[in-house]
Amino acid sequence: MKLLTVLSLLTGLAAPALAQTTPAVPTQVVEASCGQCRLGLPGKGCDLAVRIEGKAYFVDGTSIDSHGDAHAKDGFCNSIRRAEVSGKVVKNRFVATSFQLLPDSVATDR
């Protein structure tokens, strides 16, 4: 009986150490805009893109229309905005797990 109690205690203590945790995905602030209109990416139409460390990537996981009118004065086709994002580059595209425009974030109208 004492052996069973000891094993139960050891199992209870070991369980938290064995539990898997999902690592936090870091966020970063990037430039966001229309890939074709503002960031020099190829294609026809208007698609959301981000610029990370000087390189532009089309975005998967959200769309240009999910963040307001792209053709408004402060829209992605007319300005480059700042956004806080998390995700990773996969096959030369940014796969976003979160995408949040920053307030008052018109960076430039290049």
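The distance from the CZ atom of R81 to the CD atom of E31 is 12.5 Å, given to the nearest 0.5 Å. Between Y57 atom OH and L48 atom CG the span is 15.0 Å, to the nearest 0.5 Å. Distance CG/L101 to CZ/F76: 4.5 Å, rounded to 0.5 Å.
Between F99 and H67, a ring centre-to-centre spacing shorter than 6.0 Å is recorded.
Between the side chain of S33 and the backbone N or O of R38, no donor-acceptor pair lies under 3.5 Å. In this structure, D47 contributes its side chain and G35 its backbone to no donor-acceptor pair below 3.5 Å. Not one N or O on the side chain of R51 forms a donor-acceptor pair closer than 3.5 Å with the backbone of V30. At distances below 3.5 Å, not a single donor-acceptor pair connects side-chain atoms of S66 with backbone N or O atoms of T62. Remark: the backbone N or O of S86 is paired with a side-chain donor or acceptor of T97 at under 3.5 angstrom.
Residues R93 and V50 are not in side-chain contact: their nearest non-hydrogen atoms beyond the backbone lie 4.5 Å or more apart. Put simply, the side chain of N78 does not reach to within 4.5 Å of the side chain of C34, judged on heavy atoms. Contact check for F94 versus D60: no side-chain heavy atoms found under the 4.5 Å cut-off.
In Q36, the CD atom is crowded: over 12 heavy atoms of neighbouring residues, nucleotides or ligands sit closer than 6.0 Å.
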